[in-house]
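This report refers to the structure that appears directly beneath it.
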Amino acid sequence: MPTSPRTDTSDNTRRTPMLEKGFGLDQRLRPDDMTSFLTPEADLFSVWHLGIPDADTSAWTLMIGGAVTHQLTFSLDDLRALPQTEIISVHECAGSPLLPAIPQRRMGNVRWGGVRLSDLLDLAGVEEGAAYVISTGIDEGVYDRTYHERYEKDLPLHKALDGTALVALTVNGAALPVLRGGPVRLVVPGYYGTNSTKWLTSLTLSHRRSTGAFTTKYYMDPPEDGSTEATPVWELAPNSCLVAPVDGDVHVGKPVDIWGWAWASEPVTGVDVSVDGGHTWAPAELAPRIGHGWQKFTLSWTPPSVGEHILACRATTGSGATQPSTPRRNRIHQRLVFVTQERP
Ligand SMILES: Nc1nc2c(c(=O)[nH]1)N[C@H]1C(S)=C(S)[C@@H](COP(=O)(O)O)O[C@H]1N2
Ligand SMILES: [Mo]
């Protein structure tokens with residue numbers, strides 16, 4: 001008898017006890033609140049598709065298998081005993097895979113710590129022909145009216161080996177809380193958050209991409225520019241946000257710093273700022289990149305007259321990639337401010 005796809009959520013089908021069931025998110029800061037270079041963990045957004053597992057952190061193991069010469073299983077103590085490294089990295093959600101062109105501005109900048117994925121893969125020995133690292137978390141549940149038995153993502157092997165991808169155990173120096181994907185999660189600097197699998201239990205070397213829903217149906221951008229190929233949501237497209245000023249803080253004849261953050265998978269080499277809704281642009285001062293962190297840009301502006309002004313910022317990278325004004329997840333960020341006379 002053929003069986004139909006499971007869409008039920010009855011408790012006897014669950015492997016993993018869940019603290020929370022189904023899709024949810026927690027968006028704590030708006031761009032104008034993102035005033036610090038490092039985002040405190042408590043202020044960082046969170047997204048979960050299938051729920052939040054009640055992870056038993058005492059007996060956690062991470063298995064590395066597939067196209068490797070030695071299949072290995074690591075306990076948390078094994079992972080802690082390996083050389084640890086830290087990287088500052090932008091953490092950005094690509095937005096809903098059901099509405100991929102809508103900017104959500106869920107991002108932050110944090111310091112992740114843990115074991116380099118490349119070190120673990122060296123220990124396991126990657127076989128010739130392996131091209132992807134497939135990562136799976138223990139969460140399971142219903143997303144988009146379909147039951148998913150795991151959250152599974154993939155990375156091209158070259159990215160897994162570039163020395164930045166981490167099997168992370170800490171965030172901003174503290175142990176990863178379960179709500180943040182602890183005790184162990186993948187972190188892929190320069191890639192959208194969707195690739196950083198939380199509650200990580202296995203890494204599988206494969207010749208082919210994952211066939212799971214989160215790499216085939218979701219987080220594949222539709223073809224563009226005459227192409228017929230959908231593209232995986234991997235590298236961070238150039239993006240930037242305005243932190244200050246906000247409406248109410250801008251006065252005629254008084255210089256004000258227009259500033260914010262810019263980032264991309266590659267370093268941002270220029271940020272332009274507009275005070276007239278994108279008709280004209282001027283280059284801002286730009287800080288160099290530290291690790292994969294976001295870069296501060298600043299432009300001083302002396303508003304000449306009372307009235308509405310639309311501020312905007314636009315990041316460009318060395319390869320010439322920039323932000324569009326059309327509906328895309330990295331659409332140019334704008335903010336309306338009304339310039340007033342300063343009250344005495
Ligand atoms: N296991 C698992 N990992 C996951 C997800 C998930 O639903 N399950 N969501 C992904 C998405 S879309 C994002 S943006 C980030 C969010 O990480 P955070 O909750 O720590 O901010 O986790 C990614 N890793
Ligand atoms: Mo996301």
Side-chain angles (χ1 to χ4, degrees), residues 15-16 18-29 34 39-55 60 62 89-114 133-144 146-155 165-172 174-203 210 212-215 217-221 232-237 239 263 329-330:
R15 298 170 296 142
T16 308
M18 302 291 285
L19 291 171
E20 183 102 34
K21 294 179 185 184
F23 179 84
L25 64 87
D26 193 351
Q27 187 154 0
R28 300 172 201 187
L29 298 183
M34 296 180 185
T39 310
E41 193 276 329
D43 293 341
L44 190 63
F45 76 90
S46 190
V47 175
W48 54 94
H49 294 77
L50 310 177
I52 298 174
D54 191 3
W60 199 269
L62 170 65
S89 176
V90 169
H91 183 49
E92 182 184 16
C93 176
S96 167
L98 309 176
L99 300 163
I102 299 189
Q104 301 291 345
R105 309 207 188 280
R106 286 197 277 273
M107 65 269 182
N109 191 50
V110 292
R111 186 160 47 89
W112 303 103
V133 177
I134 296 176
S135 57
T136 58
I138 58 163
D139 42 332
E140 60 161 344
V142 174
Y143 175 69
D144 192 24
T146 308
Y147 174 82
H148 301 276
E149 61 182 38
R150 66 181 74 87
Y151 186 83
E152 182 174 296
K153 296 296 297 184
D154 61 23
L155 295 179
L166 289 189
V167 167
L169 300 165
T170 66
V171 57
N172 292 346
L176 263 188
V178 169
L179 293 179
R180 188 58 62 201
V184 184
R185 78 178 294 168
L186 193 62
V187 167
V188 190
Y191 273 30
Y192 282 103
T194 171
N195 301 291
S196 292
T197 301
K198 300 190 271 191
W199 312 295
L200 182 70
T201 52
S202 77
L203 294 166
S210 153
F214 290 94
T215 51
K217 179 165 184 194
Y218 310 118
Y219 300 107
M220 286 294 286
D221 280 338
V233 177
W234 280 335
E235 284 97 352
L236 293 172
N239 208 348
W263 64 93
R329 65 168 65 84
N330 63 331

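Each ligand, and each atom within it, is numbered from 1 in the order the structure gives.
Put simply, the side chain of Q27 gets close to the backbone of Q104: a donor and an acceptor are under 3.5 Å apart. No side-chain donor-acceptor contact under 3.5 Å links T39 to the backbone of V110.
When W199, Y192, Y151 are ranked by how near their heavy atoms come to atom 5 (C) of ligand 1, first place goes to Y151. Closest heavy-atom approach to atom 1 (N) of ligand 1 among the candidates T194, D139, T136: D139. Relative to atom 3 (N) of ligand 1, the option among H148, Q27, H49, K198 with the closest non-hydrogen atom is K198.
For ligand 1, the atoms sitting less than 4.0 Å from at least one non-hydrogen atom of T197 are 3 (N), 24 (N), numbered in the order shown with element in parentheses. Here is the list of ligand 1 atoms found below 4.0 Å of a heavy atom in W48: 7 (O). Within the listing of ligand 1, atoms 14 (S) sit less than 4.0 angstrom from a heavy atom of C93. Those atoms of ligand 1 that come under 4.0 Å of a heavy atom in H91, given as number and element, are 16 (C), 17 (O), 18 (P), 20 (O), 21 (O).
By the criterion of a heavy-atom distance under 4.0 Å, neither the backbone nor the side chain of A94 is placed next to ligand 1. In Y218, neither the side chain nor the backbone holds a heavy atom less than 4.0 Å from any atom of ligand 1. When non-hydrogen atoms are compared, ligand 1 lies under 4.0 Å from neither the backbone nor the side chain of R106. At a heavy-atom cutoff of 4.0 Å, ligand 1 is contacted by both the backbone and the side chain of F45.
Legend: salt bridge (charged side-chain N to carboxylate O under 4.0 Å, His left out) pairs involving residues 184-197, not counting sequence neighbours: none detected.
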**Message:** The test is side-chain hydrogen bond (donor to acceptor under 3.5 Å, both in side chains); show your working for E20 and W48 and say whether it passes.
**Reply:** CA-CA 9 Å; E20 183 102 34; W48 54 94; 4.8 Å; no
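In terms of protein heavy-atom proximity, atom 24 (N) of ligand 1 is nearest to S196 O, 3.0 Å. For atom 20 (O) of ligand 1, the closest non-hydrogen atom on the protein side is R185 NH1, 2.7 Å.
Residue-ligand proximity: Y219 is placed with a non-hydrogen atom under 4.0 Å from ligand 1. Note on ligand 1: G181 sits outside its first shell, no heavy atom being nearer than 4.0 Å.
In this structure, Y143 has its ring center closer than 6.0 angstrom to the ring center of Y218.
Side-chain N/O atoms of Y191 and S89 include no donor and acceptor closer than 3.5 Å.
Looking only at side-chain heavy atoms (C-beta outward), L44 and N172 stay at 4.5 Å or farther from each other. With contacts defined as side-chain heavy-atom distances shorter than 4.5 Å, the pair P232/M220 qualifies. Looking at T136 and F214, their side chains never come closer than 4.5 Å, going by heavy atoms from C-beta outward.
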